[in-house]
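Take a look at the structure below.
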Amino acid sequence: MRKCVLAANWKMNHTSRDVRRYVDRFLKGLRLDDRAEAILFVPFPYLKLVADLLQGAKNVGVGAQNLHWEPSGAYTGEVSAEMITDSGARYVLVGHSERRKYFGEDDQAVNRKLRRSIDASLRPVLCLGETWEERQGGLTEKVTTRSLQVGLQGIRAEDLSTVYVAYEPVWAIGTGRHATPEQAEEVHTRLRGVIASGFGRAQAEAIPILYGGSTNPENTPELMRAPDIDGLLVGGASLDPEKFRKMIESGIEACGC
Ligand code: PGA
């Protein structure tokens, strides 16, 4: 049985005052048993603060939104996997579409980051998805398969159990236009098939595949009911702690994990 994973991506939002209030409100009444996991992906300066505030909260973790592929060195402005773990974080987003679009990250760079995070015992969430033009051009399968295959290159089968995948169609991110459960399920099932051919059926069945793109409390249940959607990566709606907690609760219920 796969875990339900509900993750918040704060992107470049909040300052320390908001962070304290957020975590306080978020944790009020939140109960997660071992079948589910919640993750807050926060800006680098707040990793330690959030990790400290989450002390004692069960099945809730904190993650970074990016990392560099080298362990250390002359890379001004960059942050290493070791620095992230040192801050108390256990997760990292790799290859988010905003990193790909604004900072030129390609599948090869994403693969280097993914391997580095595994070497540093960080759990990576490999993000991938097609643009609207690619979908219209019938390229969804090609683009998402390539991003997955290149992203996972050089990963040993035994390390795959530390990886999560997030399917985030670029056209759905921040647009208010989410993929339908059928559209997302089709891609998730195919991605699981790609993992099965590279690493084996058992590995593919065990890996959580999250959906991201304009999710909210209203569309959470229908998306989470799809058998191959194991969780959500939530942007805008996760900035409100009560809204995000509601999505966690209804998502877990709909998922039946
Ligand atoms: P959104 O963002 O929920 O605001 O569409 C999702 C994401 O970018 O991870």
Side-chain angles (χ1 to χ4, degrees), residues 4-14 18 22 26 37-44 46-47 50 60-67 89 91-105 107 110 113-114 117 122-132 134-135 140 143-144 147-148 151 163-181 183-184 187-188 191 208-224 226 229-251 254-255:
C4 281
V5 182
L6 281 296
N9 177 9
W10 289 359
K11 309 193 182 190
M12 198 172 71
N13 291 292
H14 292 322
D18 311 320
Y22 183 107
F26 175 64
E37 188 174 353
I39 311 166
L40 303 178
F41 287 101
V42 312
F44 289 129
Y46 307 123
L47 286 174
V50 174
V60 188
V62 60
Q65 299 170 9
N66 183 32
L67 79 162
Y91 305 84
V92 65
L93 292 180
V94 177
H96 188 279
S97 79
E98 285 148 17
R99 300 293 318 167
R100 295 177 188 257
K101 180 175 168 194
Y102 300 123
F103 303 97
E105 290 186 14
D107 288 329
V110 170
K113 291 180 177 212
L114 190 109
S117 52
L122 270 175
R123 187 183 275 283
V125 179
L126 169 59
C127 305
L128 52 93
E130 81 287 359
T131 63
W132 182 246
E134 287 164 343
R135 174 162 280 264
T140 301
V143 170
T144 53
S147 291
L148 184 64
V163 178
Y164 294 166
V165 173
Y167 168 56
E168 295 207 303
V170 180
W171 50 270
I173 296 179
T175 60
R177 181 168 55 138
H178 66 95
T180 64
Q183 284 172 324
V187 177
H188 284 222
L191 292 177
I209 305 182
L210 284 58
Y211 166 79
S214 295
T215 54
N216 56 42
E218 288 71 47
N219 59 35
T220 290
E222 55 169 11
L223 284 161
M224 288 295 288
I229 299 180
D230 308 309
L232 302 177
L233 180 53
V234 187
S238 77
L239 294 177
D240 177 331
E242 275 89 22
K243 220 183 226 185
F244 181 49
R245 200 182 54 229
K246 224 177 265 164
M247 291 172 75
I248 294 175
E249 285 157 4
S250 66
C255 172

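Here the structure is a predicted model, which is why all the values come from computation and not from measurement. Remember, it's 1-based here, ligands and their atoms both numbered in the order they're listed.
- Ligand 1 has no atom lying under 4.0 Å from any heavy atom of His178.
- At least one N or O atom of Ser214, backbone or side chain, sits closer than 3.5 Å to an N or O atom of ligand 1.
- If you look at Asn9 next to ligand 1, the close heavy atoms, those under 4.0 Å, all belong to the side chain.
- The distance from atom CG of Leu114 to atom CG of Leu67, rounded to the nearest 0.5 Å, is 9.0 Å.
- Counting non-hydrogen atoms of neighbouring residues, nucleotides and ligands closer than 6.0 angstrom, the NZ atom of Lys11 exceeds 12 such neighbours.
- Checked by atom type, the side-chain pair Gln65/His96 shows no donor-acceptor distance below 3.5 Å.
- Taking 4.0 Å as the cut-off, Cys127 does not count as a neighbour of ligand 1 on heavy-atom distance.
- For atom 7 (C) of ligand 1, the nearest protein heavy atom (residue, atom name, distance) is Glu168 OE2, 3.2 Å.
- Atoms of ligand 1 found under 4.0 Å from any heavy atom of Ala172, numbered from 1 in the order shown, are 5 (O).
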- request: With ring pair (Phe, Tyr, Trp, His ring centres under 6.0 Å) as the test, would you mind laying out the steps for His14 and Tyr22 before giving the verdict?
  value: CA-CA 9 Å; His14 292 322; Tyr22 183 107; 5.6 Å; yes
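- Looking at atom 4 (O) of ligand 1, its nearest protein heavy atom turns out to be Gly236 N, 2.8 Å.
- When atom types are taken as modelled, the side chain of Arg100 and the backbone of Gly95 share a donor-acceptor pair closer than 3.5 angstrom.
- A distance-only check finds a donor-acceptor pair linking the side chain of Ser214 to the backbone of Ala172 [under 3.5 Å].
- Of all atoms in ligand 1, numbered sequentially from 1 with element shown, those under 4.0 Å from a heavy atom of Gly213 are 5 (O).
- Counting atoms of ligand 1 from 1 in the listed order, those under 4.0 Å from a heavy atom of His96 are 7 (C), 8 (O), 9 (O).
- The option from Gly176, Gly174, Gly235, Pro169 that lies nearest to atom 5 (O) of ligand 1, judged by heavy atoms, is Gly174.
- Here Phe41 contributes atom CZ and Leu93 contributes atom CG; the two are 4.0 Å apart, rounded to the nearest 0.5 Å.
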